[in-house]
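Encoded as structure tokens, the structure appears first; notes follow it.
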Amino acid sequence: MQTIFDNFVAFDLETTGLDRTTDEIIEIGAVRVENGEIKDVFSTLVKPTRPIPTFITTLTGITNEDVRDARGLKDAIDDFAGFIGDSPLWAHNASFDAGFLDTAFIECGKFAPTNQIFDSYRLSKIFIPRLNGLSLGNIAKFFLVEQKRAHRASDDAATLAKIVPRLKIYAARFPEELLDKLVSITGKFDAMLSEAIYNLLEIKRGSASLPDVKSREEMLINLEGIRGEKDDTERRFELSDVLKLFDNDGAIASILPDFKRRDVQLKMAKDVYYAFQQGEFLLIEAGTGTGKSLAYLVPAVLFALSKGERVIVSTNTKNLQEQLFFKDIPTLQQIVPFKSTLVKGRGNYICLERLKRTVEKLNQLTSREAEELAYTLVWAYETRSGDIAENINLSTGRISPLWMHINADTLGCLGHKCPFYDDCFLVKVRNEQKESQIVVVNHSLLLADVAEEFGILGGYSYLIVDEAHNLEKVAANFLGVHIGLRNFNILLGELYKEEPLPRGIIHNISGKLRKDYPEKAEKSIQLLAESSKKILTARRQLRQFFTTLGILLQDEVNWQKKQYSVRLRMLQSDKLHRFIIERTENIKTELLLLSDKLAELVSETKYFEDDILSEEYPELVSAAGKLKDTIVDFLFFRKCSEPEYVFWVETGRSFEDVTLHAAPTNVGELLDKMLYKELETAVFTSATLTVERKFTYIKERLGINRISPDRVSEELLGSPYNFKENLLVLLPVYKRDDEETDDWMAQVALDVSRHFRRGSLFLFTAYNSLSRVHSTLEKELPKEGIAILAQGVSGSRYAISSRFKESRESILLGTNSFWEGADFKGETLEVLYISKLPFAVPTEPYHQAICEKLENEGKNSFLAYILPECILKFRQGLGRLIRHENDVGVAILFDRRVIDKRYSPAILNSLPTMVIPIYSQKELIIRMEGQFR
Ligand code: SF4
């Protein structure tokens, strides 16, 4: 059967830029495919009317010289039109190419082409949802298609011509029912996409030659991680069992070819072994390169197996969580069979029941939701974990309207009554973790579980906290209260929404009762109507409240919309607090009346629970309960009188982001009461736990000083890397008094970049400063072939990190989130600039409240809190530079407070190497040359 996947023209354009109204085509490439085979090729350069920008030449290799004698656009378009005829066309990211093509045809006095144009990017997005990055190159790799020169039109068209038939075979293997649903869903937002999938469906129906549909198990056979069998037999293990695994000829070395015995790793493994044996709280600082995770996993796994216990391992960052679960744990499982589970919050898992209902109610979806549904179905069919992180389409950090309807945190889990109960991902993961020896979580889930009195993980006695320096921050967040318009909007929207179409639990219940029991359910129908009116009123009042609050903030802190987050502290009876009390008076009454109305509705509709409302009734109960809790949280801010809390209002980019916050200031005390009392053993580890080589600060912040000292032990392990030789920290002190700091820093960076052309990271403490340095560098370096990647300008953190890793000589400019967690090895990063010592912003409400508390206790808040926090963060920042034993780098610090102040020794004594003052630019270059020699 011949289709648009077998007979078509694949084409690609290279252009001078992205804007079809101002940029121009410089190359057209096309490949004709007949019966699945390449029959003809079209390729031409086109002479633009302006010079080709440098970055386009860098990307494509097409120079001004190449196009000097090329043909004009009209000639090229005439030939191209003849080549394509009326064939169906394929392009990758077709809207871009089609847009340029339309403009070019019209410019040349022709009608825009009427050929059908299909998009391999969008089709791949649906059928290969787990492929990380849907560039043509990545898709070619996935289908084992050799790609010649990327970003050259004829080569890219040839690559695409080979991908399209493979995409057909791959996609047409999915079940007919799934393809059928996708035809309808995509029809809501993209007719061509729907047409392409309809073709697949026809192929499926009409061809016996296609391979059989693979079962979910068959399709996933290679994706499954290595899992050990459960071992119920209790075994004893000795310290020697732990240590011998780390020998040069031990079991770990037999699996990891580069593994070498490291004394610091052995020492750490020993310490963790004793902590488990003796029921201790162990603090252990271990530098980069220690091999921390295996050092704690080995004794933890052996202990868990021997005692039939679970050990919870908590990390702060996704990177570490993934390294543990997908790398270190599978390695260890090849040596010692054990079970492990990665547990995330409910909202990370898909709810199959909700997905089914969403597909059934296609007509209620907006076109954006329909589009997201199309990008979700294949993944939902394939996935073994149900974890949204696997689905690149929905897990890129933005809020997905569809995901809010289909995740397992949505309202009204049917529990045992659910027809998908046996397949439910959430149920499975919760059961699996009870049977596991190692349970991996992140700090957010760990603390959410503590706040829910262990309602997620169940009781446990053994805990390892990696990246422990972040625990206080996450605890303050999860043990606090946070409420904004968005929380209400989501919840009230689930209950009832009028726009763009009436929908929601109340709408659905009302529809069913009106249809089946118009008389018997008269009172319920009346209550439903009243509730929906009250919901609309509440939404209106809440919007008004948060908008006025935003306007007040604009006046108070000069907050401009679109400006990133600003925080304003709220104290009892101050202007902000009085405003909240006054403006919530009416809303309070409305919300409480709504809550009562819903409670009445819940009791009235219970009669139909086992009848026509078996799906909707649990949702109603859950929504009514959640709304009641949300109202309690909201009204908490009227009091603002809890002595152990700090209250503040935070703005985001819009009024919808204005949020009320309350966080406890006694996190250590709460952790002790709520968590530590339940534990036998806890290990706290990180590369930065000490200040001036002492654990005193972190023990106080995390409440470990409340544990009996005979149960607490400490270990400060160095790094196996040679920081003294490999890391050079330079402090330029030659800024003229009349020079602006940002201009001076930019000038230093310009000179250093031109001289050394090495991968560089510039860490800032304020976005304004980043922005100013960026504008100077951006004017100069790109034209010299050095790319500038700036946070907030060049894309998401993930995108700029990936681009930075790919290009050798670029400079990445980042603020807060790059100070830790960023991992750039080898030549990617060799020069680190630090604009300032990272002292906390003094107006930050949480820091302010902690300082006041310390001052009230008679302590110096600067020395007891602000300075140690700064030192830990500074050490994290410096730690970005040396990530491997062979890494060599130079850090340039622009803040002379590191040597000029009374507190300077505390900072200097905490660093792994000395700081060298530099008196001229020439000296700076000479020093750096010496380091890189
Ligand atoms: S058991 Fe609950 S979370 Fe799981 S699929 Fe059913 S309704 Fe969804």
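Remember, it's a predicted structure, so these values are computed and weren't measured experimentally. Read the numbers this way: they start at 1 and go in the same order the structure lists the ligands and their atoms.
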* To do: Looking only at non-hydrogen atoms, find the nearest pair between Ile525 and Tyr517 and report the distance.
  => CD1-O, 4.2 Å
* To do: Decide if atom OH of Tyr421 counts as having more than 12 heavy atoms of other residues, nucleotides or ligands within a radius under 6.0 Å.
  => yes
* Asked: With no hydrogens and no angle check, is any side-chain donor or acceptor of Ser314 less than 3.5 Å from a backbone partner on His443?
  -> yes
* To do: Hey, could you give me the CZ/CD1 distance between Phe634 and Ile587, rounded to the nearest 0.5 Å?
  => 5.0 Å
* Return the set of protein N, O or S atoms whose distance to atom 4 (Fe) of ligand 1 is under 2.8 Å, each given as residue and atom. => Cys424 SG
* Structure fact -> The single option from Leu445, Val667, Asn316 that satisfies side chain to side chain contact (heavy atoms under 4.5 Å, CB included) with Val474 is Asn316
* Asked: Are Phe127 and Tyr170 near enough that their ring centres are under 6.0 Å apart?
  -> no
